[in-house]
> 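The structure that follows is given in the form of structure tokens.
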Amino acid sequence: MAFCHSHVLKNQCFRFKDLQVDFTNLGGVVIMDISLFLQHLVNAISLGFVFGLVAVGYALVYGVVKLVNFAHGDVFMMAAYFMFYTSLIFGAPWLSAVILGIVLTSLLGVSIEKVAYKPLRKYPRINSLVSSIGMSFLLQNFAVVVFGGIQRSFPVPEPMKKTLVFGEIRVQAVSIYTIIFSIIVVLILTFILQKTKIGLAMRILSRDFDTARLMGINVNRTISFTFALGSALAAVSAVFWALRYPQIFPFMGQYPGSRAFIAAVVGGIGSLKGALIGGFVLGLLTVLIPAFFPEYSGYREAFIFLLLVLVLIFKPNGLFGQEVGEKV
Amino acid sequence: MIATQTIQQPTSEKKTILRMEHVTKRFGGLVAVSDFNLDLKEGELLGLIGPNGAGKTTIFNLITHVFPVTEGKIEFMGRDITKLKTDKIIRLGIARTFQNIRLFGSMTVKENIMTAFHAHLKSDLFSAVAFLPNYQREEEHIHSMTWELMKEVGIEHLADYKATSLPYGLQRKLEIARALATNPKLLLLDEPAAGMNPDETLELNKLILDIREKFKLTIIVIEHDMKVIMNICERIIVLDHGVTIAEGTPEEIQKNPVVIKAYLGAGDEDA
Amino acid sequence: MKRSTRVLLSILFIILIYVFVFFAEKYMDPFIKRILNTGFIYVILAVSLNLINGFTGQFSLGHAGFMAIGAYTSALLYMSPESKMSNFFMEPLISPLDRIQIPFFWAIIVGGLMAALAGFIVGAPSLRVRGDYLAIVTYGFSEIIRSLFNNLQNITNGPLGLKGLPTYTNLWWTVSWAIITVIVVRRIVDSSYGRALKSIRDDEVAAENLGINLFKHKVLAFVIGAFFAGVAGGLLGSLLMTIDPNSFSILFTYQIITIILLGGLGNITGSVVVAIGFAFLMEALRFVEMPMKIFGITIPGILGMRMLIFSILLMITILFFRKGLFGEREFTWEGFVRLFTKRKVNQQ
């Protein structure tokens, strides 16, 4: 199972080349044997987790500050570069480079909040929205200038390069690692949200901003932490993404970032569970559509965005979202 | 468009302008309004009072369909408006103001009022863009009507000021003038006297009575300020926790023990 | 100032512009002409986007998508059959497009109309979507278009794009369309419809409770904005002589957003000035991407520096000039005359 991507810098087109053996085509739907199906499934699940984590990071921020953070995908991109440089320049062992990268990304997220979003908090929401678009634009162009437009190769440690074989089934090691560690991350996140004081503060802020203030919650600190956490999640998903697609470039955040939006919107405004499930569904669709409908693989994007529009028409608050009415 | 005279008919002969039958509104488990009934006659000045959260504004929101009723029926001038959209209801002749003034912040006093005339604009977009004679005439008409309305509430000298730069009391008056621009037959005023001092309140009373006569309006007023309610309302309905607990003339309501228990105790501090 | 005086002054001004265009077309350096053409196309894009985002308050990120539709529709209509055949070597263009050829003017109009239709399709569900999420949906739409155009090999020629487009675009076209766009949008904004749109921007609930049909007016803004974006796309295609789906990406939309933010959301004068300025500035700043010799030292050019400078400009505007460089000050003839006379001119 290989993928190709266009050599045009700004455009990433992901087209999964289909295996030429062992499938029959019946009315557009591919019938495949169980081993192939399982391979696709594992692939889909691991990609689903990656999208899910990016989506959760984004939804976390939205839930607490009600901000559509367009820069989320680009923070994701910066994470990949941070790890590239810490491992390349400082020759750090892979795991340390990754951890350092996650920390740096969190710091980046917090700084962006302080510089670009906090000053605009008291103004109408459109200003913050526009600011996040501006940050997205800025980060991408910054990356082009500072990191250069040529693609770099993200370091992939040996254990991750392997392909595991279980009888007939061949699975990428990366996929397994992704799934395992994603689950761990989700558990850690759940723990933070449910069992810590700061997690409680985050949950309260997302419910009722004004009351939270009156209850003595340190709003600034909570928001900073939210951004740190959201950025960390972006960084973690960046790791798993870069392990699968080691070519990193300044615009690489666009695609996963837009997936995050769709996943979060489809899953439901401000619902973390929804974002995760949304990301999951997206991952599944991304892998399985070309697998089962190879003729339509190019239309995958269109199909997914269409899904977004349909969900929004029939369920404006997403699948798991709560109705947030305006008090008239 | 502006009425200049009115004939007061005896109440029993007047037509029903608004009828609400068994109107209930539930938000999930919370019952905001329960079995509300109203037979409002043309030309009436009805007061709607009750403690905070009693459901008064909710009733206004139901009438103009800001959200739908859970149960019940609303009829305006004989027509069932229960399921109609807000803008359609307004164009049929109901206007309202808001508890927390909703003026158009980027526009001037004049423009705020002029905007309200758009609902009944007959010219299409092409005529407006090409500035054809039929649109020109309408625009001139809008200009002169806006002046009339500004003079009516006494803010014509502030025409070109940003709407939100006005003092609070004048902003409320602007909101009323703007509502009048939609040429309503029924006017819903939500706490028009909020934040006003006693002098302004007296002026407001006079204004409400004046516009009722001049524009042949039926008016429902939500208020906490008893100086308004007791002095100008002919009939009062009292709500508490979504339930109608009393209905009658100001004198009757003042003496009603149920009302006093639920509400008027706090009201005395205002009066 | 009486209305008739204002109209007269405007007509005089337009005549002056055309005189300028006449001489420019004849004698001006082609390089500068190209910048001017680009600038006026940006004017069309900025003013039309401002109608949707600035005046109606609907934050749309779909403009590049409308451009793409306009660019491709018009190109497929004004290209010669031979040119189409040589382009569509992978898969032939579907009939009857392969045989049709219509004059440039009409091709642009049809391109605009197709884009307007798309504006309707996007605008219709837009009511259902909360303000900040509209940005995502329109972004999504733009990406759908890009994806579709990348795949419909027999209609758009896929990622290869269309090459060798004839250069019909010149200052006559770009200036004229820019003037039309500015006049139409200005007229809308100054009319009762404009007040309705602005009221929707300021407070939707209040607007609705004044009898304004939100759906109708939001869609109106989208459709008109999209039409002009489609026109601009068509003009741009003929200027660049080549189009492909990936040039109409979200990055292009971000550039237009930058322009309208710098000029001021809801400010036509700002959009016009900044749009033209942007085109010139983009060229002028090219030097930062070229190697420079300062004091005998060669500083290598850094690719992408232009855009970085613009993004920084954008962030500065967002944070410190929230109302843009022009704020709410629009060009008026009264204001213009007042610059030169001490007499107070009557405002009518």
Side-chain angles (χ1 to χ4, degrees), chain A residues 6 8 10-11 13 62 66-68 70 115-116 119-120 123 125-131 133-146 148-149 250-251 254 258 261-262 264-265 269 296-306 308-310 312-314 316-318 324 326 328, chain C residues 53 57 59 61 122 124-126 128-133 135-137 139-148 150-153 158-159 201 204-205 209 244-247 249-251 253-255 257-258 261 265 302-312 314-320 322:
Chain A
S6 157
V8 174
K10 282 183 277 199
N11 170 44
C13 91
Y62 187 84
K66 304 288 181 284
L67 169 73
V68 175
F70 274 94
V115 167
L120 298 175
Y123 297 116
R125 276 241 287 276
I126 189 163
N127 292 283
S128 304
L129 179 68
V130 152
S131 189
I133 292 177
M135 272 322 294
S136 170
F137 200 31
L138 181 64
L139 285 172
Q140 288 176 27
N141 292 317
F142 174 83
V144 168
V145 168
V146 173
F251 304 101
Q254 287 286 60
S258 59
F261 296 151
I262 301 170
V265 170
I269 298 172
Y296 300 112
S297 58
Y299 293 97
R300 186 184 51 206
E301 306 302 305
F303 180 77
I304 286 176
F305 278 104
L306 198 63
L308 167 70
V309 171
L310 285 174
L312 285 176
I313 291 178
F314 294 107
N317 287 304
V324 181
E326 195 193 337
V328 177
Chain C
N53 292 25
F59 212 82
L61 287 178
V122 175
S126 76
R128 281 288 214 128
V129 174
R130 288 162 41 123
D132 22 3
Y133 274 61
I136 299 178
V137 170
Y139 175 11
F141 155 76
S142 193
E143 293 291 291
I144 293 183
I145 294 295
R146 197 160 70 86
S147 163
L148 278 177
N150 258 318
N151 283 284
L152 294 168
Q153 197 74 34
R201 170 189 67 188
E204 256 186 40
V205 173
N209 277 275
D244 73 279
N246 300 307
S247 38
S249 70
I250 187 74
L251 290 170
T253 305
Y254 279 0
Q255 285 181 40
I257 300 261
T258 307
L261 283 173
L265 271 181
I302 310 175
L303 199 64
M305 200 57 171
R306 279 187 310 167
M307 277 305 165
L308 180 61
I309 293 179
F310 273 117
S311 352
I312 296 177
L314 176 62
M315 282 313 296
I316 293 178
T317 310
I318 292 172
L319 293 172
F320 302 109
R322 283 177 310 111

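The sequence lines fix the lettering, A, B, ..., with proteins before strands; numbering per chain opens at 1. Since the model is a prediction, treat every value here as computed from it, not as a measurement.
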> Examine whether an atom of C/I309 lies under 4.5 Å from a heavy atom of chain A, and if so say whether it belongs to the side chain, the backbone or both; otherwise answer neither.
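For C/I309, neither part sits under 4.5 Å from chain A.
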
> As an exercise: rank C/I312, C/I136, C/T258 by heavy-atom pairs under 4.5 Å with chain A and give me the winner.
C/I136

> Check each atom of A/Y123 against the heavy atoms of chain C and say whether the ones under 4.5 Å are side chain, backbone, both or neither.
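For A/Y123, the contact with chain C is made by the side chain alone.
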
> Does the pair A/V146 and C/L308 meet the rule for a side chain to side chain contact (heavy atoms under 4.5 Å, CB included), with working shown?
CA-CA 10 Å; A/V146 173; C/L308 180 61; 5.7 Å; no

> With only heavy atoms counted, which part of A/Q254 is less than 4.5 Å from chain C, the side chain, the backbone, both or neither?
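Answer is both: backbone and side chain atoms of A/Q254 are under 4.5 Å from chain C.
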
> At a heavy-atom separation under 4.5 Å, does A/V130 approach chain C through its side chain, its backbone, both, or neither?
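A/V130 touches chain C through backbone and side-chain heavy atoms alike.
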
> With a 4.5 Å cut-off on side-chain heavy atoms, are A/S258 and C/Y139 touching?
yes

> Could you give the distance from CD1 (A/I133) to CG (C/L61), rounded to the nearest 0.5 Å?
4.5 Å

> Run A/N127 and C/R322 through side chain to side chain contact (heavy atoms under 4.5 Å, CB included) and show every step you take.
CA-CA 8 Å; A/N127 292 283; C/R322 283 177 310 111; 4.0 Å; yes

> Evaluate the side chain to side chain contact (heavy atoms under 4.5 Å, CB included) criterion for residues C/F310 and A/N141: first the C-alpha distance (whole Å), next the side-chain angles of each, then the deciding distance (0.1 Å), finally the verdict.
CA-CA 9 Å; C/F310 273 117; A/N141 292 317; over 6 Å; no

> For the pair C/M315 and A/V115, evaluate side chain to side chain contact (heavy atoms under 4.5 Å, CB included) and give the outcome as yes or no after the intermediate values.
CA-CA 10 Å; C/M315 282 313 296; A/V115 167; 5.9 Å; no

> Describe, in one word, how the ring planes of C/Y254 and A/F137 are oriented to each other, choosing from parallel (under 30°), tilted (30 to 60°) and perpendicular (over 60°).
perpendicular

